[in-house]
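Both ligands and their constituent atoms are indexed starting at 1 by order of listing. We use all heavy atoms of the structure for the numbers below, so side chains are in, but hydrogens, waters and symmetry mates are not.
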Amino acid sequence: MNIVIFGPPGAGKGTQSDFIVKNFNLYQLSTGELLRSEIRNKTNLGLKISSLMNSGHLVSDKVVSDLIEKFISNDEYKNRFIFDGYPRNISQANNLNFLLKKYDQKIHLVLKLSVSLDIIKKRITGRSVCSICGKIYNEFFNPAPLNAQCCASKFLQKRSDDTLDIAIKRYETYETKIAPVIDFYKQSNLLKVVNGEAPITEINAEISGLMETIKG
Ligand code: AP5
């Protein structure tokens, strides 16, 4: 099964993808994470995109498409994808369909996590990620366990684009591009809207139910 999960910054795409990976043996393809890895590794691409990402704008469609095709073309992941943060505009939605068709795959479910801007501000400014295991926390809603070994506070890191100003810009970028993507998936009857403001475990359960229905 291939799933698309989208929603504004801080909607919980990564949090829910973690859950799906663990419980349904899918592979999370996060375009944000792929791009951050280029920046961490100081590749030529990483050097070019770093200021763009820290201004809340999208990286070019071509760059992101080239990155994801490497995975979509790999048989190891065939029909096991969670596309986290891709597509973000209509050209990416068309491109994803094109690539999936090229490698004899399709999308089975599209999840849209809905969250208001007020909540997003706290989600983003309160977020930290464990640099050892990658687990996502939030100082307001979902704090790291006290006395944890792996996720101890010294290992928790903030993302450079997680300031309030950049979060608002990222939200605006999302809002200006996403409407045609929503229509696109509505027309193909794949779209399920999930209340992203519910507690994490409730959303886990709702997504599990949707996936079980599709697995039949
Ligand atoms: P990306 O890394 O994808 O960032 P984003 O879309 O802004 O989403 P986030 O990762 O910030 O949030 P999330 O929805 O995963 O939330 P999370 O689970 O962490 O992209 C970054 C940048 O890369 C983009 O701005 C762009 O420049 C570039 N880029 C990426 N993809 C691109 C593309 N396709 N094309 C072009 N450019 C691209 O949760 C957030 C916080 O909330 C956490 O602290 C978590 O603990 C907490 N939380 C989660 N769920 C809940 C809940 N239900 N209740 C309470 N707290 C919760």
Check: Aromatic rings F71 and Y77: how do their planes relate, parallel, tilted or perpendicular, breaks at 30° and 60°?
Finding: tilted

Item checked: For the student: nearest non-hydrogen atoms of I178 and P87, plus distance -> CD1-O, 4.3 Å

Notebook entry, point to check: Applying a 4.0 Å heavy-atom criterion (strictly less than), which segment of R36 is in contact with ligand 1: side chain, backbone, both, or neither?
Noted result: side chain

Next item on the list: Check D162 against ligand 1 and report side chain, backbone, both or neither, counting heavy atoms closer than 4.0 Å.
Entry: neither

Check: What do we get for S60 next to ligand 1 when only non-hydrogen atoms under 4.0 Å count, side chain, backbone, both or neither?
Finding: neither

Checklist line | Heavy-atom pair with the smallest gap, counting every atom of I200 and Q16 | finding: O-NE2, 3.5 Å

Notebook entry, point to check: Under a 4.0 Å heavy-atom limit, does N138 contact ligand 1 with its side chain, its backbone, both, or neither?
Noted result: both

Checklist line | Contact (N/O only, under 3.5 Å) between L58 and ligand 1 | finding: no

Next item on the list: Might you work through the salt bridge (Lys or Arg N to Asp or Glu O under 4.0 Å) test for D162 and R170, ending with a clear yes or no?
Entry: CA-CA 10 Å; D162 272 356; R170 282 157 59 200; 3.0 Å; yes

Margin query: Just to check, does S30 reach to within less than 4.0 Å of ligand 1 when the distance is taken from its heavy atoms?
Written below: no

Notebook entry, point to check: Does A198 reach ligand 1, in the sense of a heavy atom lying below 4.0 Å from it?
Noted result: yes

Notebook entry, point to check: Is ligand 1 less than 4.0 angstrom away from at least one heavy atom of G10?
Noted result: yes

Check: In Å and rounded to the nearest 0.5 Å, what is the NZ to NE2 distance from K169 to H57?
Finding: 4.0 Å

Next item on the list: Examine the proximity of ligand 1 to T15 and report which part, side chain or backbone, both or neither, has a heavy atom under 4.0 Å away.
Entry: both

Checklist line | Contact check, I49 vs ligand 1, heavy-atom distance below 4.0 Å | finding: no

Notebook entry, point to check: Does K186 make a cation-pi contact with F184, if we ask for NZ or CZ under 6.0 Å from the ring centre and within 45° of the axis?
Noted result: no

Item checked: Contact partition for K13 relative to ligand 1, non-hydrogen atoms under 4.0 Å -> both

Checklist line | Within-cut-off N or O pair, E33 and ligand 1, under 3.5 Å | finding: no

Margin query: Are any of the N/O atoms on R159, whether in the backbone or the side chain, positioned under 3.5 angstrom from an N/O atom of ligand 1?
Written below: yes

Notebook entry, point to check: Can you tell which part of Y137 has a heavy atom less than 4.0 Å from ligand 1: side chain, backbone, both or neither?
Noted result: backbone

Note to self: Can you tell me which portion of R123 lies within the under-4.0 Å heavy-atom range of ligand 1? Options are side chain, backbone, both, or neither.
What the structure shows: both

Item checked: Heavy atom of A11, distance to ligand 1 below 4.0 Å -> yes

Checklist line | Residue selection (non-hydrogen contact nearest atom 29 (N) of ligand 1) among I124, I200, L35, V59 | finding: L35

Next item on the list: Within a distance under 4.0 Å of any heavy atom of I203, pick out the atoms of ligand 1 and give their elements.
Entry: 53 (N)

Next item on the list: Return yes or no for this condition: an N or O of M53 is under 3.5 Å from an N or O of ligand 1.
Entry: no

Margin query: Distance check, rounded to the nearest 0.5 Å: E197 atom CD versus L113 atom CG?
Written below: 11.0 Å

Next item on the list: Identify the heavy atoms of D161 and M53 that sit nearest to each other, and give their distance.
Entry: CB-O, 4.0 Å

